[in-house]
Amino acid sequence: MHCAAQATECNSLDIDPNPRVNGWGINAQNHRFISDKDAGIDSGNVGRLEVNWVYALPETDSPRFLPYITSNTVFITDGDERVLALARNSGCQKWVFEAGSAVRTALTYLAVGESNLLVFGTMSAELIALDALTGEEQWRTLASEHPKAMISGSAVAHGGRIFQPVSSWELAWAVNPFYGCCTFRGPIVAVDAASGRLQWRNYTIQIEPTVFRPRLILPDLMGPSGAPVWSQPTVDAKLDRIYVGTGENYSSPANDTSDAILAFDMQTGELLWKQQFLANDAWNVACELPIDFNCPDERGQDLDFGAPPILLTIDGKDVILAGQKSGYIYALDPDNNGKLLWKQKPGNGGKAGGIHFAMAVDPARGVLFVPISDRDVGFYGDNPPGEPQPSLQAFNAQTGDRLWRTNAPGDCLNDEEEIDNCFIGFSAAPTATDSLVFAPTLDGVIRAFDSYTGTEVWKHSTLRSYEAVNGGTANGGSIDFGGIFVDGGELFVNSGYGLVGQMPGNAFIVMSVKP
């Protein structure tokens with residue numbers, strides 16, 4: 001074990017029963033907001049951020065976790081099957097847990113009685129809870145028995161229950177013409193937080209798939225299927241509901257719960273209402289290959305809801321804000337079965353966004369911050385026709401009026417030479433404070449913008465090698481997926497996201513405001 005700090009720091013753990021930063025959305029309404037006071041970083045001191053320590057993630061070139069942070073410990077995953085507790089000041093390892101399957105979600109903390117639990121999901125569709133103090137497994141629950149199911153969306157906890165969405169890689173298995181495509185139908189589960197026992201399971205597609213088209217040599221085509229949930233559910237405690245955004249259908253026939261916002265009863269799991277925003281988006285990876293026997297008849301564009309819905313209260317009135325890979329944002333009325341209040345289209349859209357992983361809000365001001373990717377995805381398929389608009393934009397969440405727009409900075413050049421696998425645009429989840437919006441870009445640069453004007457006020461390139469506190473070298477790359485967390489004068493970020501042809505890397509970077 002490498003440990004640059006004193007032994008007491010390496011051995012001590014401290015758990016905050018009311019963490020300031022928790023889970024994918026920072027809170028259960030997916031605001032991605034933290035006050036200047038709690039962040040410890042504002043427009044006056046952001047320029048004094050410097051790298052404190054870097055941890056190398058040796059088993060990945062595309063880290064996709066969000067840390068859980070306490071006063072003296074940072075909990076991370078290493079891109080493979082391990083969960084680690086590291087000393088916040090030094091990166092010293094305190095404990096490690098082997099999950100047995102790749103961890104794909106944020107680490108979500110909740111206190112249950114005397115227990116301090118960290119909950120996460122895996123590639124094998126298991127939901128696992130650890131004792132945060134020791135790293136010992138408390139329980140694990142299989143969220144779906146579908147053979148191609150996995151967990152990608154983070155869990156959210158409320159009222160002693162954990163609500164977990166399930167997604168699937170069946171859309172990729174469809175490239176095999178001898179695979180019987182497709183039968184996955186988007187489970188949502190509720191489990192008891194203390195025991196992990198399943199309390200209810202419902203589906204984004206309410207009917208079981210049947211034979212859509214018989215075939216003689218190849219397996220029959222099945223459907224409807226798909227409509228996975230890739231992101232954290234949103235808790236509406238007042239109405240006792242959770243809201244989720246769904247993905248595309250995987251096979252024909254397309255149905256009316258794909259590319260939609262759905263509301264489920266938290267107690268029973270009943271589907272209460274649905275609002276679909278793009279019909280006939282049935283697509284799988286076979287559609288992009290010459291051998292496309294499993295491509296649905298609709299041949300959609302994969303423009304689903306990858307970002308979680310946001311629940312925001314403005315002047316006493318609740319509104320759901322949803323961003324889609326199509327480039328559209330929508331405001332819905334949760335008190336009126338998700339009735340559309342307004343919509344805007346700040347991006348052109350595409351398979352990697354449009355709006356990709358999340359949006360953020362300033363709840364006091366009622367401002368919505370929207371990152372737009374609009375990047376070309378090459379052999380993964382064509383984007384909708386039109387002009388890409390990679391940018392960061394702010395909207396009045398009540399009216400939909402745009403407040404400002406900042407085009408994506410960066411040029412993907414190094415000494416006038418083009419950087420391989422570099423893209424310009426905002427794909428990662430943003431994080432807002434009272435004065436700043438932290439929105440990293442695909443070119444590997446951490447950036448902070450004035451939340452009132454959109455002016456860039458600070459940046460730091462991670463495209464370099466770092467001496468890692470756990471030995472060896474960590475390399476920066478594209479910044480995507482979960483983006484940035486800020487807490488107590490420190491900034492936490494993964495650099496390197498080599499999926500979809502982007503710049504790989506394996507650096508978990510911790511920066512601190514220096515005197």
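Everything quoted here is computed from the prediction, not taken from an experiment.
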Pick out which of [options] makes a side-chain hydrogen bond (donor to acceptor under 3.5 Å, both in side chains) with [X].
X	options	result
S512	E490, E50, R48	E490
R88	T70, N72, D487	D487
S435	D450, D42, D36	D36

Could you tell me whether the side chain of [X] and the main chain of [Y] form a donor-acceptor pair under 3.5 Å?
X	Y	result
N475	G505	no
S427	H356	no
N52	M511	no
Q164	P233	no
Q324	L303	yes
S115	L117	no
W139	A193	yes
E114	V112	no
R104	M123	no
Q199	R161	no

[Y] and [X] side chains, donor-acceptor separation under 3.5 Å:
X	Y	value
Q389	S391	no
N30	Q232	yes
R140	T122	no
S168	E170	no

Rounded distance [0.5 Å steps], [atom1] in [X] versus [atom2] in [Y]:
X	Y	atom1	atom2	answer
F97	T134	CZ	OG1	10.0 Å
T455	W404	OG1	CH2	8.5 Å
I479	Q502	CD1	CD	11.0 Å
F65	T60	CZ	OG1	9.5 Å
D302	L171	CG	CG	7.0 Å
L66	N22	CG	CG	10.5 Å

Chi angles and distances behind the side chain to side chain contact (heavy atoms under 4.5 Å, CB included) call for I41, W458: CA-CA 12 Å; I41 304 171; W458 173 79; over 6 Å; no
Salt-bridge present (K351, E288; N to O < 4.0 Å):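 Salt bridge between K351 and E288, a charged N being under 4.0 Å from a carboxylate O: yes.
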Mark yes when over 12 heavy atoms from residues, nucleotides or ligands other than [X] sit less than 6.0 Å from its [atom1]; otherwise mark no.
X	atom1	answer
W173	CH2	no
K37	NZ	no
E98	CD	yes

Any heavy-atom pair between the side chains of [Y] and [X] that's under 4.5 Å?
X	Y	answer
T234	I320	no
S451	R365	yes
I372	F426	no
L84	Q93	yes
I76	L57	yes
I188	P165	yes
S144	V166	yes
V377	N383	yes

Look at the rings of Y497 and F481 and say which category their plane angle falls in: under 30° parallel, 30 to 60° tilted, over 60° perpendicular.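 Ring orientation, 0 to 90° scale: parallel.
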What class does the angle between the rings of F264 and W200 fall in, given that below 30° is parallel, 30 to 60° is tilted and above 60° is perpendicular?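 Ring orientation, 0 to 90° scale: parallel.
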Can H31 and I26 be said to form a side chain to side chain contact (heavy atoms under 4.5 Å, CB included), step by step? CA-CA 7 Å; H31 286 174; I26 296 182; over 6 Å; no
Going by side-chain contact (heavy atoms from CB on, under 4.5 Å), name the residues that satisfy it together with N421, two or more places apart in sequence or in a different chain.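 Scan of N421 (side-chain contact (heavy atoms from CB on, under 4.5 Å), adjacent residues dropped) gives M503.
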Kindly write out the residues that satisfy side-chain contact (heavy atoms from CB on, under 4.5 Å) with E456, not counting sequence neighbours, or none if the list is empty.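 Once residues adjacent in sequence are excluded, the partners of E456 under the side-chain contact (heavy atoms from CB on, under 4.5 Å) criterion are P409, R447, F449, K459.
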Contact summary for [X] and [Y], nearest pair of heavy atoms:
X	Y	answer
G135	L130	O-CD2, 4.1 Å
S62	G498	OG-N, 2.7 Å
L442	S478	O-OG, 2.9 Å
P67	F492	CG-CB, 4.3 Å
I484	P440	CD1-CD, 3.9 Å
D78	E81	OD1-N, 3.6 Å

Output all residues satisfying salt bridge (charged side-chain N to carboxylate O under 4.0 Å, His left out) with D38, sequence neighbours left out; order by chain, then residue number.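 D38 satisfies salt bridge (charged side-chain N to carboxylate O under 4.0 Å, His left out) with R20 once adjacent residues are dropped.
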My understanding is that only residues two or more places apart in sequence, or in another chain, count here; which of them pass ring pair (Phe, Tyr, Trp, His ring centres under 6.0 Å) with Y109?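 Ring pair (Phe, Tyr, Trp, His ring centres under 6.0 Å) list for Y109, sorted by chain: Y68.
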Take F438 and T433 through the side chain to side chain contact (heavy atoms under 4.5 Å, CB included) test and state the conclusion after the steps. CA-CA 8 Å; F438 290 91; T433 71; 4.1 Å; yes
The criterion is side chain to side chain donor-acceptor pair (under 3.5 Å); which residues satisfy it with H158, sequence neighbours excluded?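 Expected list: none.
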With respect to S154, which candidate in L107, T105, V119 satisfies the side-chain contact (heavy atoms from CB on, under 4.5 Å) definition?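 So the option named by the test is T105.
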Can you tell which of L403, T431, V361, D362 makes a side-chain contact (heavy atoms from CB on, under 4.5 Å) with F369?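 Exactly one option meets the side-chain contact (heavy atoms from CB on, under 4.5 Å) with F369, and it is D362.
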Might you work through the ring pair (Phe, Tyr, Trp, His ring centres under 6.0 Å) test for F184 and W169, ending with a clear yes or no? CA-CA 9 Å; F184 177 83; W169 277 120; over 10 Å; no
With disulfide (SG to SG under 2.5 Å) as the rule and sequence neighbours excluded, what pairs involving residues 410-471 come up?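 Applying disulfide (SG to SG under 2.5 Å) to every pair that reaches into residues 410-471, excluding sequence neighbours, yields C412-C422.
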